[in-house]
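Letters go in sequence order (proteins before strands), and every chain restarts at 1.
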2 protein chains.
Amino acid sequence: MSYVLSGKRPISDGTRQRVRASIEQLGYQPHAGARALASSRSRIIALMVPLRTDMYVPVMLDIAVAVATTARAHGYDVLLLTGEEGPSALRRVTGSGLAEAVILMDVQLHDERLAVLRTAGPPAVLVGLPADPSGLSCVDLDFAAAGALCVDHLAALGHREIAVVGESPGVYARHTGFAERTLRGLRQRAERLGVGLLHRACEGSHDAVARVLARILDERPGVSAFVVQNETAVEPLLALLRRTGRAVPEDVSVVAVCPEAVAAQASVPLTSVAIPAQELGRRAVERLVARLADPAARTGTELLTPVLTVRESSGPPPRPLGIPL
Amino acid sequence: MSYVLSGKRPISDGTRQRVRASIEQLGYQPHAGARALASSRSRIIALMVPLRTDMYVPVMLDIAVAVATTARAHGYDVLLLTGEEGPSALRRVTGSGLAEAVILMDVQLHDERLAVLRTAGPPAVLVGLPADPSGLSCVDLDFAAAGALCVDHLAALGHREIAVVGESPGVYARHTGFAERTLRGLRQRAERLGVGLLHRACEGSHDAVARVLARILDERPGVSAFVVQNETAVEPLLALLRRTGRAVPEDVSVVAVCPEAVAAQASVPLTSVAIPAQELGRRAVERLVARLADPAARTGTELLTPVLTVRESSGPPPRPLGIPL
DNA sequence: CTGAAAGCGCTAACAA
DNA sequence: TTGTTAGCGCTTTCAG
């Protein structure tokens, strides 16, 4: 009866041994429901993943897996919710005591799910950043800094005219935080450094990339570098550049904001700012667990510092400017 | 107390109305744990997804989302388990009454998780087919038939020498059912039709595809058609064929086994056999729910019939053979 | 340090 | 058709 007591009270070694042995031999397993009922803690975290088709899926799955893994390491299980279900799903799983806490992915700037969290909200962590993160706990990559980093790198190499191949139009239409923040970072830094910047949303298909590329080259013939924030557009872009006789990085530079794996395996290994999917999932859970253990634990926003890795896709522009010697 | 009774016993209309009203106004939500305890039914299905990096992720996620969506439609929630945790996770969630039933993805021919399911097993459905499916409930695409279909199509067009660009070596090393079954289907049909068939496993990176392609063309100069079962290899392959001056479908044909979206959005829209990810997830849940409702419900294997859609990547070989008229 | 007992909120069986 | 009640298997409090 009093067993296992998760060490909640002193137990003699003898008793502990005896109980442990019985547990093994009988294959005893505590009933999850009974436990949840008596303790009013289900040891379940709900994870809401989007089911969009215009986002790069591997990142989502990576985060989800990291969440599940980290949660398990802390004794929690993960309940899978689809974004489709919206705010009501949060109320449901939370109100019924099914889940003790919630992790939200693919947060939008003005996300309807946030209302639930602010009012009588269950402990929650967002992977992403809404317009107003006050009172919420958020974890994300500092995409604004990531954008700035890309411009810095290219400007330092001597590029004066940069084109940005962005996410699908739908992503911006939904005001997805990370895309807009990256763009802001790119624009601000470009302006400060006096570098020209042209941004175009872009679907991931070969044809769409071809169209966008053509437009960009038409509107800004002086472009010598691309920043790509769209994993599925990476290969089409590289292929098209190759096909039109533009060597990377000799003729044009390409910098991506994408997972390491994508950058490293591209047909030209890409200089890139990594999206640390696993790290994001891990941190989200750790924050949540900390808050579950101690409701007074710190809330607020945690932005991971982006890191740019130089690979083979970036170099000085074809006609070097103002770098004497 | 007697409320909502899920219609388990006759209730007068008046009472029903009254109870419903109170439920609304008080925002009452039944406690999941208490419910699970009293009824010994948690209304939770555990879904075990692999966390491999060498499988095409969108298909996995599609299945998972379909499972979650369909489960909700039947009043179930989904618990996310990673393949990493192995058989013990099944015992844990199942033994503790956390989950009533289990869906397994990425099943291997000799899967260690199957032992748990056969002995004192909880209701389970596999998405995929093990070597011995007896006593188990399985749902999958008939990959053998899919392979045969590809060969049929190409042979009918007049191709006599086909190369297969397969999944990563690791997939075969693990004896993942779908890959081996496809291969078997391809080989048997090729043999029957007297068509030459060369299979090579292939990583998804551009370089790997280049190497494999070079080997194939070297070993079998007469190859006039490719069957690709590796989503990430599709674009590299098309790019390489283009680059080496082989027009698709005029010089070589390409047929893929992949999701519709991949085939349709390729730089050359691909003739393909679709992988119906959503359908698989949906069916898996429906089988499970049927069995949960009626333990006597049919078990066994359900193989979806593959469908080949002709797009723009397949045509007759460059030098037509023996098709007089 | 350990035993005993009172619920946790619900379902299901038993009366009425 | 409806009211009552006995648990479901655990956690936790209160005695010892």
Which whole-number value in Å describes the distance from [X] [atom1] to [N] [atom2]?
| X | N | atom1 | atom2 | value |
| --- | --- | --- | --- | --- |
| B:Arg43 | C:dT11 | CZ | P | 11 Å |
| B:Leu37 | D:dG7 | CG | C1' | 9 Å |
| A:Ile23 | D:dG9 | CD1 | P | 16 Å |
| A:Gln29 | D:dC10 | CD | P | 10 Å |
| B:Gln17 | D:dT2 | CD | P | 12 Å |
| B:Leu98 | D:dG9 | CG | C1' | 14 Å |
| B:His31 | C:dC8 | NE2 | P | 12 Å |
| B:Tyr28 | C:dG9 | OH | P | 10 Å |

### Query
Backbone N or O of A:Ala66 within a donor-acceptor pair of the A:Thr70 side chain at under 3.5 Å?
yes
### Side chain A:Glu100, main chain A:Ser42, donor-acceptor under 3.5 Å
yes
Which donor-acceptor pairs under 3.5 Å do the side chains of residues 290-300 of chain B make with protein atoms, sequence neighbours left out?
| from | atom 1 | to | atom 2 | distance (Å) |
| --- | --- | --- | --- | --- |
| B:Arg291 | NH2 | B:Ala124 | O | 3.2 |
| B:Asp294 | OD1 | B:Ala296 | N | 2.9 |
| B:Thr299 | OG1 | B:Leu136 | O | 3.3 |

### Message
Going by salt bridge (Lys or Arg N to Asp or Glu O under 4.0 Å), name the residues that satisfy it together with B:Arg43, two or more places apart in sequence or in a different chain.
### Response
none
### Task
Classify the nucleic acid contact of A:Ser39 as base, sugar-phosphate or nothing, counting any heavy atom under 4.0 Å across all strands shown.
sugar-phosphate
### Message
With a 4.0 Å cutoff (strictly under), does any side-chain N or O of A:Arg35 reach OP1 or OP2 of D:dG9?
### Response
no
